[in-house]
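Worksheet: the structure to be examined is printed underneath.
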Amino acid sequence: MALLIAHSTTAAQAAENSLEGIIAAKRCRADFVHMDVRLSCDGKLVLMRDESVDRTTDGKGLVEDLGWMELRAMHAGKGPVPTLAEALSLAEELGLGVVVEMREEGLEALVAEVVPEEKSIIISPYHTSLREIKDISRLKTGIVITSLPIRPVELALWAEADAIFPERVNPRLFKEAHQKRIEVYPGVVNSLSQATWLLRLGADGLLTDDPCLIEEALLQPVQATGRSNCEYYPCHFEGQDCTHCFCPLYPCKDEELGRFVRTKRGKRFWSCIDCKLVHLPNVARYLSLHPESTTEELKALVD
């Protein structure tokens with residue numbers, strides 16, 4: 001079953017990056033709790049997402065300019081700003097795994113010293129930091145990507161990462177990542193419809209501010225779409241195979257199968273609305289057995 005990960009310590013249920021949020025993650029039956037980490041001016045790892053404390057505490061200033069005792073005097077929700085050590089201890093006590101996001105470079109050795117190797121994932125938008133983590137520890141890692149690069153899996157392989165934590169996805173990302181045994185954890189996901197769609201695409205877990213809400217989607221079996229349960233069937237032709245409802249080759253840019261179109265607002269995107277290729281039963285079966293197949297290989301099956 002896909003993992004349920006409480007983002008920023010259950011941000012929809014409690015203060016971001018707080019101990020109360022970790023307790024809320026347990027109450028919502030999350031598997032892992034995500035937390036953001038920065039370093040105080042006197043070398044203490046603390047839970048904080050932004051460079052500044054202004055948004056999430058009752059204090060003001062940059063984390064890097066504030067000492068631990070100054071940060072401790074500020075409140076994040078119902079309690080003081082916690083240290084990473086305090087958060088890890090509470091998560092372990094509650095039986096939760098942890099996803100620790102390094103929000104700045106240079107934290108690698110400090111983080112690796114305190115985060116346990118079991119039930120932990122270290123993630124960061126700084127991919128060189130993740131390579132450093134791999135050099136000095138056996139911790140599992142994941143790259144954070146907020147756009148949708150042309151070759152996201154290559155970025156993960158370069159960083160020697162075990163997972164991708166993407167903000168944006170397409171079916172191709174899941175296909176290519178899983179071929180390389182790289183897990184995909186999209187986020188932040190805060191609607192049941194979006195969660196259901198991502199699970200059908202093959203998400204290994206979901207990052208959410210509200211695990212109490214999203215848990216419902218994870219408890220439901222992921223069903224293949226077809227004649228019996230799709231309001232749009234048949235979207236291409238009667239008798240179509242719906243195994244690949246979301247084409248894993250999109251956007252193939254093969255002009256025999258689709259074309260670029262413009263919306264009323266002028267946006268240009270690839271449309272394959274008339275393409276039947278992956279819905280032909282023999283092609284669908286072949287693609288399931290050979291997920292690395294190219295468009296040309298699949299087209300040859302119907303020539």
Side-chain angles (χ1 to χ4, degrees), residues 1-36 47 49 56 77-78 87 90-101 119-121 123 140 142 144-146 148 162-175 177-178 182-233 235 242-248:
M1 189 167 121
L3 295 178
L4 182 61
I5 305 172
H7 177 252
S8 288
T9 69
T10 326
Q13 301 280 335
E16 285 185 30
N17 290 298
S18 65
L19 297 183
E20 64 181 287
I22 297 175
I23 295 171
K26 179 64 176 180
R27 186 174 65 247
C28 290
R29 295 192 282 264
D31 301 297
F32 279 64
V33 60
H34 162 270
M35 55 195 72
D36 302 289
L47 266 56
R49 183 165 186 84
T56 56
K78 297 178 181 178
L90 179 57
E92 181 180 12
E93 179 184 331
L94 297 175
L96 291 168
V98 294
V99 176
V100 178
E101 181 168 349
K119 291 185 69 175
S120 300
I121 309 175
I123 69 174
K140 186 174 180 178
V144 174
I145 50 176
T146 56
L148 190 55
D162 305 283
I164 299 173
F165 284 71
E167 186 174 308
R168 294 175 175 83
V169 301
N170 61 23
R172 186 187 291 263
L173 170 60
F174 293 93
K175 174 189 173 185
H178 290 156
I182 294 172
E183 297 167 352
V184 183
Y185 298 96
V188 178
V189 182
N190 290 325
S191 77
L192 284 174
S193 59
Q194 185 185 19
T196 300
W197 177 67
L198 290 166
L199 292 170
R200 284 174 58 197
L201 287 181
D204 297 284
L206 300 175
L207 214 65
T208 175
D209 291 328
D210 195 349
C212 286
L213 171 67
I214 299 303
E215 183 197 22
E216 181 181 333
L218 273 75
L219 291 176
Q220 301 300 317
V222 178
Q223 296 183 342
T225 305
R227 182 193 301 266
S228 63
N229 64 349
C230 180
E231 61 181 301
Y232 303 108
Y233 181 91
C235 58
C242 297
T243 301
H244 308 286
C245 179
F246 304 100
C247 180

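In this chain, residues are counted from 1 in sequence order.
- Remark: the Asn17 side chain and the Thr9 side chain contain no N/O donor-acceptor pair separated by less than 3.5 Å.
- Residue Ala163 comes nearest to Ile182 through the heavy atom pair CA-CG2, 3.7 Å, listed as atom of the first residue, atom of the second, then distance.
- The line from CG of Leu207 to CD1 of Ile214 is 11.0 Å long, rounded to the nearest 0.5 Å.
- A distance of 5.0 Å separates CE in Met1 from CG in Leu219, rounded to the nearest 0.5 Å.
- Distance check: Asp162 CG to Ile121 CD1 gives 8.0 Å after rounding to the nearest 0.5 Å.
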- Task: Assess whether side chain to side chain contact (heavy atoms under 4.5 Å, CB included) is satisfied between Arg29 and Leu4, documenting all intermediate values.
- Result: CA-CA 8 Å; Arg29 295 192 282 264; Leu4 182 61; 5.5 Å; no

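- The shortest side-chain heavy-atom distance between Tyr185 and Ile123 does not fall under the 4.5 Å cut-off.
- No hydrogens or angles considered: nothing links the side chains of His7 and Asn190 as a donor-acceptor pair under 3.5 Å.
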- Task: Decide yes or no on side chain to side chain contact (heavy atoms under 4.5 Å, CB included) for Phe174 and Asp204, but give the supporting numbers first.
- Result: CA-CA 9 Å; Phe174 293 93; Asp204 297 284; 5.8 Å; no

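- When all heavy atoms are compared, the tightest approach of Pro211 to Ala6 is CG-CB, 3.9 Å.
- Shown here is Gln194, whose CD atom has more than 12 heavy atoms of other residues, nucleotides or ligands within 6.0 Å.
- One distance of note links NE2 of His178 with CG of Leu201; it measures 10.0 Å at 0.5 Å rounding.
- The two residues Gly77 and Ala15 make their nearest non-hydrogen contact at CA-CB, 3.4 Å.
- The heavy-atom pair separating Arg168 from Leu173 by the smallest distance is O-CD2, 4.2 Å.
- With rounding to the nearest 0.5 angstrom, the OG atom of Ser18 is 11.5 Å from the CD atom of Gln13.
- Scanning all heavy atoms of the two residues, the minimum distance from Ala177 to Val184 falls at CB-CG2, 3.5 Å.
- Under a 3.5 Å cut-off, the side chain of Lys78 and the backbone N or O of Leu19 do not form any donor-acceptor pair.
- Closest approach of Asp31 and Ala2 over heavy atoms only: OD2-O, 4.1 Å.
- When each of Thr146, Ile145, Leu148, Val144 is tested with Pro166 by the rule side-chain contact (heavy atoms from CB on, under 4.5 Å), just one qualifies, namely Ile145.
- No donor-acceptor pair closer than 3.5 Å links the side chain of Lys175 to the backbone N or O of Pro248.
- Residues Leu192 and Glu216 are in side-chain contact: their nearest non-hydrogen atoms beyond the backbone lie under 4.5 Å apart.
- A 4.5 Å side-chain heavy-atom check between Val100 and Ser120 finds every atom pair outside the cut-off.
- Inter-residue side-chain proximity for Ser191 and Trp197 is flagged as unmet; no heavy-atom pair is nearer than 4.5 Å.
- Interatomic distance, Asp209 CG to Glu16 CD, rounded to the nearest 0.5 Å: 7.5 Å.
- Between Ser8 and Met35, the closest side-chain pair of non-hydrogen atoms is not below 4.5 Å.
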